[in-house]
Amino acid sequence: MRKSVSKRFTQGICLVLAVIMLLAQVRVVFAKEPFVVCIDPGHQARGDSKSEPIAPGSGSRKARVSSGTSGVATKKSEYAVNLEAGLILKGLLEEKGYAVVMTRETNEVNISNAERAQVANNAKANMTIRLHCDSIGNSGKSGAVLLVPSKTGKYTAGIHPASKAYAEHLKTALQDAGVKVNGIFERSDMTGFNWSRVPVVIFEMGFMSNWNEDRMLADKAYQTKLMKAVVTAIEAYEKTTSSDTGVTTQ
Ligand SMILES: [Zn+2]
């Protein structure tokens with residue numbers, strides 16, 4: 001009798017251990033590392049002309065953050081449009097289970113371009129999307145522009161391939177949504193790219209110097225359309241970059 005109780009006890013322990021181990025496996029299989037997106041809504045209420053190094057250890061300096069442009073028709077400030085779009089994007093991404101880090105959530109901040117890059121670095125973000133609007137002397141010019149870290153830049157070569165890959169997905173997603181894309185251009189002179197250890201794209205959402213596009217950029221429905229394309233591109237980019245889709249057995 002004693003022996004049988006002890007045997008049953010041992011069997012019980014074994015069963016409990018087996019269940020715990022099984023649950024641990026299941027947890028490992030489904031514990032997908034969150035894909036972290038850093039959103040940087042460009043500029044802020046007031047620019048800061050004090051300078052900062054354009055790259056880690058560089059002697060060259062540029063203004064910490066410029067004041068951005070404003071709408072020819074709406075007179076709206078670029079920093080306001082960038083933040084409105086950024087907050088829409090945050091909501092869309094969080095609905096889909098992405099982890100989001102914002103460099104700013106109000107216009108009353110003073111965060112330099114290098115500091116914004118470091119927000120993404122410190123958060124170990126998988127990628128950064130920087131939201132801006134364009135302006136140019138020619139009011140006839142319209143459409144989106146995508147800027148990526150240069151393939152040959154001293155500080156940007158390492159993050160070029162992944163950044164370019166995301167930009168290609170974004171170009172496709174925007175065109176599929178009927179948005180004109182002027183192209184993907186490489187830059188090696190941007191503080192926010194040089195400081196970034198994270199793949200990064202600047203999405204110039206359109207020209208505030210174009211009367212029609214300026215009105216569209218100020219419109220929540222159009223901002224949402226653009227940000228949905230950003231999400232579609234992030235989903236496509238994530239699929240191609242994470243061959244380990246979180247499904248690991250140890
Ligand atoms: Zn800008």
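Atoms within each ligand, like the ligands themselves, are counted from 1 in listed order. The shown structure was predicted, so the numbers you read here are calculated from the model rather than taken from an experiment. Quick note: numbers below take in every heavy atom, side chains included, and nothing from hydrogens, waters or symmetry partners.
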Open item on the list: If you consider just the N/O/S atoms, which atom of Glu78 is the closest one to the Zn ion (ligand 1)?
Closed with: OE2

Open item on the list: Does this structure show an ion pair linking Lys164 with Glu186, if we count only N-O contacts that are shorter than 4.0 Å?
Closed with: no

TODO: Would you sort out whether Glu204 and His132 count as a side-chain hydrogen bond (donor to acceptor under 3.5 Å, both in side chains), showing the intermediate values?
DONE: CA-CA 5 Å; Glu204 299 273 5; His132 283 258; 4.8 Å; no

Open item on the list: With a cut-off of 2.8 Å, does His132 put an N/O/S atom close enough to the Zn ion (ligand 1)?
Closed with: yes

Open item on the list: Using the rule side chain to side chain contact (heavy atoms under 4.5 Å, CB included), only one of Leu147, Leu174, Leu89 pairs with Phe203; which is it?
Closed with: Leu174

Task: Metal check, the Zn ion (ligand 1) vs Glu204 N/O/S, cut-off below 2.8 Å - done: no

Open item on the list: Using a strict threshold of under 4.0 Å (side-chain N to carboxylate O), is an ion pair present between Lys76 and Glu84?
Closed with: yes

